[in-house]
Colleague: 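Quick one: the structure is below, and I'll ask about it shortly.
One is the number of the first residue; the rest follow in order along the sequence. When reading the values below, keep in mind they use all heavy atoms of this one structure, side chains included, and skip hydrogens, waters and symmetry mates. Since the structure is predicted, the reported quantities are computational estimates derived from the model, not experimental observations.
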Amino acid sequence: MTLGQRIRHFRTTAGLTLDQLGDKVGVAGSQLSLMENGRREPRLTLLSAIASATDIQLADLLEETPPTKRAALEIELDRLQRSTIYASLGLPKIRPSKGIPDETLEAIVGLHHELSTRSRQAIATPEEARRANTELRQRMRTLDNYLPDLEKEAEKLTIAGNHTTGALTHRAVSLMAESLGFELVHVHDLPHSARSVTDLKHGRIYLPPASIPGGHGLRSMALQAMAHRVLGHTEPTSYAEFLHQRLEINYFAAAVLMPLKQSVAFLSQAKTDRNIAVEDFRDAFGVTHEAAALRFTNLATSHLDLETHFLRVGDDGAVYKAYENDGLRLPVDVTGSAEGQFVCRNWSARTAFTRTNRTTEFYQYTDAPEGSFFESTQTGTTDAEEFSITIGVPFSHSKWFRGRATDVRRSSTCPDETCCRKPEGELRDRWAGNAWSSAKLHAHILSPLPSGTFPGVDDRELYEFLESHASDAS
């Protein structure tokens with residue numbers, strides 16, 4: 001569309017009609033009209049002829065900016081009318097003829113932008129988010145959590161950064177950014193809600209000062225920002241698309257931090273040695289335990305012939321992230337979502353919190369209705385709470401892992417309600433924890449309650465309240 005607008009601009013500036021310019025360059029005026037309307041792409045030789053006929057340089061035609069403010073409005077209107085949001089309304093497209101004043105065109109484009117904004121606000125309801133997250137998790141299960149196309153793109157960027165082995169250096173990340181035309185800039189005034197800001201026009205990726213080389217998070221945040229460019233992402237039109245893009249940039253960043261070839265070689269050797277350990281994988285590539293565990297799920301089935309499950313669980317037992325392709329039955333709600341649900345108190349993801357020494361991984365066998373599983377769990381701490389990261393495999397795969405000799409074994413019959421049943425006082429405390437955890441995850445659930453609902457009430461009132469709201473809160 002921009003090229004077509006520039007052809008039209010220079011044609012009219014030269015005082016030529018479509019037919020007159022067509023005669024000069026040897027094509028029909030109707031063909032030029034298609035090009036000016038963005039419906040046909042001209043050959044380079046024809047563009048050279050058009051530039052010569054209108055007495056301009058070829059570079060003037062090929063600039064990426066619209067030639068006028070009016071042209072910019074027409075291009076933007078065309079883009080907006082192609083969106084799925086506008087198509088869902090079933091309304092006809094408007095052709096911006098000469099008879100439409102600029103002010104009218106500005107108003108129409110403004111209305112489109114407001115429609116897009118309100119649509120984005122409407123689609124991010126908690127129910128929609130949970131369903132979209134469930135669909136994405138189920139889709140990744142069918143793919144064994146492995147995306148070969150993203151692996152290839154990550155390999156190209158790894159080569160651009162001259163990264164061959166070991167932990168990815170900050171300098172290598174900078175070289176990768178330069179290969180994509182970006183400069184990494186650290187600033188102190190990013191919004192708290194922004195992990196990074198990418199300035200496409202000036203080729204800069206702004207990162208918070210906490211990620212200055214030597215600090216935490218620079219590599220991953222910078223790589224995620226680059227991933228949007230590498231993978232050709234555009235503004236998401238639905239919450240499901242937003243989640244998919246977020247998964248892709250996280251996957252891409254992990255595949256650069258822990259490259260396919262080196263990671264598979266490391267893990268394959270560990271399997272040969274019957275000594276697979278996420279903590280070793282983590283330390284070899286200088287990443288967080290969670291990043292290493294998630295990357296393991298990418299490669300375990302496709303390259304090591306291992307089925308597995310992954311859990312990130314809060315200290316109250318609530319699930320924050322989950323994946324499985326080994327048959328373990330995750331706790332889910334009516335939408336099929338595992339996020340916010342509570343794992344059995346006998347699973348390793350929760351028993352690991354009872355340890356005194358948490359510097360190393362905790363190993364446990366868990367007997368579940370679906371079979372026996374070997375689990376390796378590492379706990380961690382944020383400013384808000386403690387959490388655990390668990391990697392588990394069926395019992396038949398435990399022979400490849402460090403910690404398989406553990407004598408810790410727990411039995412879980414969940415979702416049988418008797419498995420986690422406790423005396424009334426403990427049950428009341430657990431319900432209170434569930435309500436609080438759910439309030440953190442979905443503030444809208446408890447926000448309508450009058451202020452002071454909890455303070456000042458006795459245990460019996462609290463128990464009755466939580467009992468009546470337990471299904472809503474959980």
Side-chain angles (χ1 to χ4, degrees), residues 135-169 172-180 182 205 217-234 236 241-272 276 278 280-310 321-326 389 391 393 400:
E135 291 172 3
L136 186 58
R137 176 167 53 82
Q138 291 173 345
R139 176 176 177 270
M140 293 306 295
R141 182 199 298 157
T142 66
L143 300 174
D144 290 326
N145 219 30
Y146 183 64
L147 301 175
D149 290 342
L150 265 62
E151 298 286 353
K152 293 177 182 177
E153 294 298 332
E155 184 179 17
K156 294 177 185 177
L157 196 61
T158 301
I159 294 173
N162 296 324
H163 177 54
T164 56
T165 187
L168 184 67
T169 65
V173 175
S174 296
L175 291 175
M176 292 174 184
E178 290 175 11
S179 73
L180 297 173
F182 287 117
I205 297 176
L218 171 137
R219 298 172 305 163
S220 182
M221 282 192 287
L223 290 169
Q224 288 171 16
M226 294 180 217
H228 284 300
R229 166 64 67 88
V230 173
L231 303 177
H233 287 166
T234 57
E241 186 178 354
F242 163 76
L243 287 178
H244 183 71
Q245 289 187 6
R246 188 176 68 174
L247 180 145
E248 287 194 332
I249 65 172
N250 287 334
Y251 189 110
F252 179 86
V256 176
L257 287 166
M258 294 161 275
L260 177 64
K261 183 178 179 181
Q262 295 94 315
S263 295
V264 171
F266 182 91
L267 292 171
S268 296
Q269 184 60 53
K271 184 181 179 184
T272 299
I276 296 176
V278 174
D280 288 355
F281 189 38
R282 170 199 69 197
D283 295 342
F285 291 91
V287 296
T288 65
H289 199 88
E290 181 174 359
L294 284 168
R295 185 61 173 150
F296 177 80
T297 67
N298 298 149
L299 307 175
T301 306
S302 296
H303 293 276
L304 303 174
D305 296 322
L306 302 174
E307 289 77 36
T308 186
H309 65 263
F310 165 91
K321 295 180 185 177
Y323 166 79
E324 59 78 26
N325 70 347
D326 60 357
I389 303 296
I391 282 291
V393 294
W400 310 114

Colleague: How long is the gap from CD on Glu135 to CG on Leu243, to the nearest 0.5 Å?
Modeller: 10.0 Å
Colleague: Pick from Arg282, Lys321, Arg295: which one makes a side-chain hydrogen bond (donor to acceptor under 3.5 Å, both in side chains) with Glu290?
Modeller: Lys321
Colleague: Any side-chain heavy atom of Leu306 within less than 4.5 Å of one from Thr301?
Modeller: no
Colleague: Mind listing the closest non-hydrogen atom pair of Ala293 and Ile391 along with its distance?
Modeller: O-CD1, 3.5 Å
Colleague: Of all heavy-atom pairs between Gln262 and Thr165, which one has the smallest distance, and what is that distance?
Modeller: NE2-N, 4.2 Å
Colleague: Tell me whether the count of non-hydrogen atoms from other residues, nucleotides or ligands lying under 6.0 Å of CD in Glu153 goes above 12.
Modeller: yes
Colleague: Can you tell me how far CD of Glu241 sits from CD of Glu248, rounded to the nearest 0.5 angstrom?
Modeller: 9.5 Å
Colleague: Supply the atom-to-atom distance Trp400 CH2 to Asp305 CG, rounded to the nearest 0.5 angstrom.
Modeller: 10.0 Å
Colleague: Is a side-chain N or O of Ser268 found less than 3.5 angstrom from the main chain of Ala265, in a donor-acceptor match?
Modeller: no
Colleague: Quick one: are Arg219 and Val256 in side-chain contact, heavy atoms under 4.5 Å?
Modeller: no
Colleague: Which atoms form the tightest heavy-atom contact between Thr158 and Met176, and what is the distance?
Modeller: CA-CE, 3.7 Å
Colleague: Which atom pair, heavy atoms only, marks the closest approach of Leu223 to Leu257?
Modeller: CD1-CG, 3.8 Å
Colleague: Which distance, rounded to the nearest 0.5 Å, do you find between the CE of Met221 and the CD1 of Ile249?
Modeller: 11.5 Å
Colleague: Work out which heavy atom in Leu299 is nearest to a heavy atom in Ser263; give both atom names and the distance.
Modeller: CD1-CB, 3.6 Å
Colleague: Going from CG on Leu143 to CD on Gln138, what distance comes out if it is rounded to the nearest 0.5 angstrom?
Modeller: 12.5 Å
Colleague: Strictly distance-based, threshold 3.5 Å: is any side-chain N or O of Tyr251 a donor or acceptor partner for the main-chain N or O of Leu147?
Modeller: yes
Colleague: Taking the side chain as everything from C-beta on, heavy atoms only, tell me whether Phe281 gets closer than 4.5 Å to Met258.
Modeller: yes
Colleague: For Asn145, is there any backbone N or O sitting under 3.5 Å from a side-chain donor or acceptor partner on Asn298?
Modeller: yes
Colleague: Could you give the distance from OG1 (Thr308) to CG (Asp144), rounded to the nearest 0.5 Å?
Modeller: 11.0 Å
Colleague: A side-chain contact here means heavy atoms from C-beta on lying under 4.5 Å apart; do Phe296 and Ile276 qualify?
Modeller: yes
Colleague: Gln224 and Ala253: which non-hydrogen atoms are nearest, and at how many Å?
Modeller: CG-CB, 3.8 Å
Colleague: Applying side-chain contact (heavy atoms from CB on, under 4.5 Å), run through Leu294 and Asn250 and close with a yes or a no.
Modeller: CA-CA 10 Å; Leu294 284 168; Asn250 287 334; over 6 Å; no
Colleague: Side-chain contact test, heavy atoms from C-beta onward, threshold under 4.5 Å: evaluate it for Ile389 versus Thr288 and give yes or no.
Modeller: no
Colleague: Within the structure provided, determine whether Met140 and Thr297 are in side-chain contact (heavy-atom separation under 4.5 Å).
Modeller: no
Colleague: Under a 4.5 Å cut-off applied to non-hydrogen side-chain atoms, are Phe252 and Leu157 in contact?
Modeller: yes
Colleague: Should Tyr146 and Leu260 be marked as a side-chain contact (heavy atoms from CB on, under 4.5 Å) after you check the CA-CA gap, both sets of side-chain angles, and the distance that decides it?
Modeller: CA-CA 11 Å; Tyr146 183 64; Leu260 177 64; 3.8 Å; yes
